[in-house]
Number of protein chains: 2
Amino acid sequence: MTTIHEVAAAAGVSISTVSYALSGKRPVSEKTRRRIEDAAQTLGYQPDAGARMLAGRRTHIFALTEPLRADTHAPTHMAFVLATAVAARRRGYDILLLTDEQTSDGMNRVAASNLVDAILVLDVAPDDERVDIARSVRTPTIFIGLPDDQRDLTCVDLDFEAAGHLAIDRLADAGHAAAHLLGQTEVSYRKSNFPRRLLRGVEERAADRDVVLTWTATGAAATDPALVRRSAEAALDDGIRAFVVHAVDDVHDVLLEVLDERGLALGVDASVISAAASFDTSVLAAPIDTIPLVPQQSCELAVDIAVRHLDETNVPPEIHLIAPEYHGAGSVRPPRD
Amino acid sequence: MTTIHEVAAAAGVSISTVSYALSGKRPVSEKTRRRIEDAAQTLGYQPDAGARMLAGRRTHIFALTEPLRADTHAPTHMAFVLATAVAARRRGYDILLLTDEQTSDGMNRVAASNLVDAILVLDVAPDDERVDIARSVRTPTIFIGLPDDQRDLTCVDLDFEAAGHLAIDRLADAGHAAAHLLGQTEVSYRKSNFPRRLLRGVEERAADRDVVLTWTATGAAATDPALVRRSAEAALDDGIRAFVVHAVDDVHDVLLEVLDERGLALGVDASVISAAASFDTSVLAAPIDTIPLVPQQSCELAVDIAVRHLDETNVPPEIHLIAPEYHGAGSVRPPRD
DNA sequence: TTGAAAGCGGTACCAA
DNA sequence: TTGGTACCGCTTTCAA
């Protein structure tokens with residue numbers, strides 16, 4: 001194991017100079033720095049993590065708590081975990097996993113033992129137990145998602161309400177007087193917060209713009225293709241030609257299938273917008289207008305905020321809502337004048 | 001932040017006694033131990049992670065490398081990650097995530113900086129780049145899965161070949177002279193190792209027992225329901241009434257659907273065995289005989305071995321194959337005498 | 001621009 | 001059964 005002493009000896013300097021040269025926290029003459037870097041390079045020097053934590057009061061580790069519920073959509077969840085890990089590494093941080101039963105105890109433990117510099121919270125529930133813990137620990141905690149009670153919390157999330165507004169606006173602009181929302185699973189409307197927020201946004205704007213709105217959740221816990229089909233067909237039977245889909249890929253597939261069966265051309269006879277989908281919508285049978293939920297965006301922002309909490313002192317708690325973006329693909333009728 | 005000194009003061013003992021009392025590495029009189037534990041409890045003492053690493057030469061962290069490929073089956077993958085995390089925590093270890101691009105660099109980094117006590121390797125490829133790194137680092141590394149070249153490696157995995165043997169044996173015992181294997185995705189036969197191993201086991205034993213074997217992969221990258229249906233129907237048309245399924249849940253569903261359509265009763269007219277499925281087969285439409293792949297089993301064993309490598313010196317590398325178990329559910333014709 | 005040295009908060013050896 | 005203390009390897013202040 002190469003230590004800083006060996007690097008110092010090899011470069012003919014003191015260990016403090018090595019430390020400063022490598023961290024850049026103190027100016028070091030160009031040529032000694034080069035000598036030190038060369039020595040570190042050839043010796044394969046990597047500072048000891050424990051020593052660095054102890055002396056530097058920085059662990060360079062973030063905890064990521066992810067309580068895996070039975071109804072968790074695995075691909076979406078993985079996308080968020082991955083995006084967080086990538087964003088963290090880019091800033092020089094590793095991710096320590098805190099799973100299920102460990103959530104509360106785990107958060108307290110890693111905070112009390114100074115194992116991590118910050119905690120990132122995934123899969124946030126409306127009445128999340130981690131909210132209280134976040135308030136009680138000194139470790140900066142960033143929620144990726146919004147709990148109901150956001151007092152004193154730092155959160156990052158897509159602005160789902162604005163996404164709902166945006167979707168309805170586009171459909172109304174296209175002249176639709178009625179729209180149907182194919183929503184998330186029933187259980188998610190109770191266990192999560194974002195489906196309700198999108199729904200609220202859609203409802204609000206539909207009321208504002210005199211769009212008659214109907215909606216259905218897509219199955220009890222798992223998505224139910226038959227149910228999706230039935231509700232899509234019922235909407236079509238009612239003369240509705242505008243759809244907002246806030247659901248996983250399968251649901252999109254079913255809707256497109258039904259439209260196809262009825263000979264309704266996307267962007268001509270019928271309009272479809274995929275709202276807050278976190279998967280790659282290009283895998284669908286047809287191009288669809290989307291208001292995507294980009295895990296990389298949320299997670300990167302969360303990591304940035306975490307880092308800021310460490311670098312600056314007294315960063316006030318804040319709710320960061322990410323503005324939705326509309327990506328047109330021709331699945332919505334052109335606006336009529 | 002509570003330190004060991006405060007606990008010692010509160011209990012009226014020296015810090016070394018506190019350390020020993022809490023670690024149990026030296027006998028401490030019953031009543032002083034109680035006093036110390038009380039003090040630690042009320043003060044909410046949690047040893048500083050960095051200090052513990054530095055002084056104890058043990059980080060109590062395992063790295064988990066998981067290179068997420070595009071064809072990774074998210075639910076299965078999550079099951080393994082979760083099982084690993086749970087098993088590790090039970091032994092007092094946390095899991096540090098090493099994702100994708102970071103795999104090689106990441107392993108070297110965490111090993112060189114003594115950030116982790118051991119490395120667990122998930123999603124092992126036949127020609128995995130992590131094999132060489134495992135050989136070069138001092139950090140004990142356990143593969144959950146088998147690469148082609150296993151020299152000097154410690155690996156844990158289900159004995160897929162034995163699972164293949166077992167499946168064919170049961171079908172042959174039931175009097176089937178022909179069987180069809182519905183396999184994994186095509187890409188997995190190239191990118192992974194276990195599909196081939198199961199296939200080999202099935203082929204070997206089929207040859208031994210004079211069972212005519214046919215098989216198909218289920219789709220190019222993603223599972224293709226239509227393809228599954230076609231190959232199941234073709235097999236039935238050929239008079240085959242015995243199936244081994246080594247695939248995700250959807251494939252099982254399609255097969256059961258086809259059998260149902262043809263009025264073939266499971267366990268009477270036709271036999272089906274699900275081999276090495278890592279999902280809960282009780283969600284299927286009908287009960288099916290299984291030879292399950294239990295993530296908890298593999299991951300717990302891997303963690304146990306990692307711990308053993310830390311507690312004992314000079315544990316030799318070894319391949320640990322987990323014997324498959326047969327769980328009957330009546331989906332295979334009773335053996336004929 | 002560089003070096004010496006005082007910690008950081010534990011662990012574990014050596015004494016008592 | 002307990003206490004004193006020398007590290008563990010690095011960061012950072014204080015001096016030069």
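Below, chain A is the first sequence line, B the second, and so on; all start at residue 1. The figures that follow rest on heavy atoms only: side chains count, while hydrogens, waters and symmetry mates do not. Everything quoted here is computed from the prediction, not taken from an experiment.
- What separates CZ of B:Arg52 from C1' of C:dT11 is a distance of 11 Å, to the nearest Å.
- At least one donor-acceptor pair closer than 3.5 Å links the side chain of B:Arg135 to the backbone N or O of B:Arg151.
- With respect to the salt-bridge test (charged N to carboxylate O, under 4.0 angstrom), the residues B:Arg58 and B:Asp311 qualify.
- For the contact set between residues 36-46 of chain B and DNA chain C, defined by any heavy atom under 4.0 Å, the members are B:Tyr45.
- Among the atoms of the strands shown, only primed sugar atoms or phosphate atoms (P, OP1, OP2) are found under 4.0 Å from some heavy atom of B:Thr2.
- The interatomic distance linking A:Asp48 (CG) with D:dC10 (P) rounds to 6 Å, in whole Å.
- In terms of modelled atom types and a separation under 3.5 Å, the side chain of B:Arg33 and the main chain of B:Ala21 share no donor-acceptor contact.
- To the nearest angstrom, P of C:dT1 lies 11 Å from CZ of A:Arg33.
- Between the CG atom of B:Leu115 and the C1' atom of D:dG9 there is a distance of 14 Å, rounded to whole Å.
- Separating the CE atom of A:Met1 from the C1' atom of D:dC8 is a distance of 9 Å, rounded to the nearest angstrom.
- In this pair, B:Tyr93 and B:Phe62 present their aromatic rings parallel. The plane angle is below 30°, not in the 30 to 60° band.
- Applying the 6.0 Å contact sphere to CZ of B:Arg26 captures more than 12 heavy atoms from other residues, nucleotides or ligands.
- Annotation for B:Asn114 and B:Thr59: closest pair O-CG2, 3.0 Å, computed over non-hydrogen atoms.
- Around CD of A:Gln150, the count of heavy atoms belonging to other residues, nucleotides or ligands within 6.0 Å exceeds 12.
- Rounded to whole angstrom, the span from the CZ atom of A:Arg57 across to the P atom of D:dT11 amounts to 13 Å.
- The nearest heavy atom of DNA chain D to B:Ala51 and to B:Thr32 marks one nucleotide each, and the one closer to the 5' end goes with B:Thr32.
- Here the P atom of nucleotide D:dG4 and the NE2 atom of B:His5 are 11 Å apart, to the nearest Å.
- The distance from atom CE of B:Met1 to atom OG of A:Ser113, rounded to the nearest 0.5 Å, is 10.0 Å.
- Within residues 13-29 of chain B, the residues that place at least one heavy atom under 4.0 Å from DNA chain C are, in residue-number order, B:Ile15, B:Ser16, B:Ser19, B:Tyr20, B:Lys25, B:Arg26.
- Annotation: the terminal axes of the helix from C:dT1-D:dA16 to C:dA16-D:dT1 meet at 40°, where each axis is the rotation carrying the C1' atoms of four end pairs onto the next four (5 pairs per end, rounded to 10°).
- Under the side-chain contact (heavy atoms from CB on, under 4.5 Å) rule, A:Val156 has a single partner from A:Asp304, A:Ile319, A:Val303, A:Ile322, which is A:Ile322.
- DNA chain D is contacted by both B:Gly56 and B:Glu30; B:Glu30 maps to the nucleotide lying nearer its 5′ end (nearest heavy atom per residue).
- In this structure, CG of B:Leu54 is placed 9 Å from C1' of D:dC7, rounded to the nearest angstrom.
- For A:Arg52 (side chain) and A:Pro47 (main-chain N/O), no donor-acceptor pair under 3.5 Å exists by modelled atom type.
- Judged by distance alone, with hydrogens and angles left aside, the side-chain atoms of B:Thr154 form no donor-acceptor pair with the main-chain N or O of B:Ile142 at under 3.5 Å.
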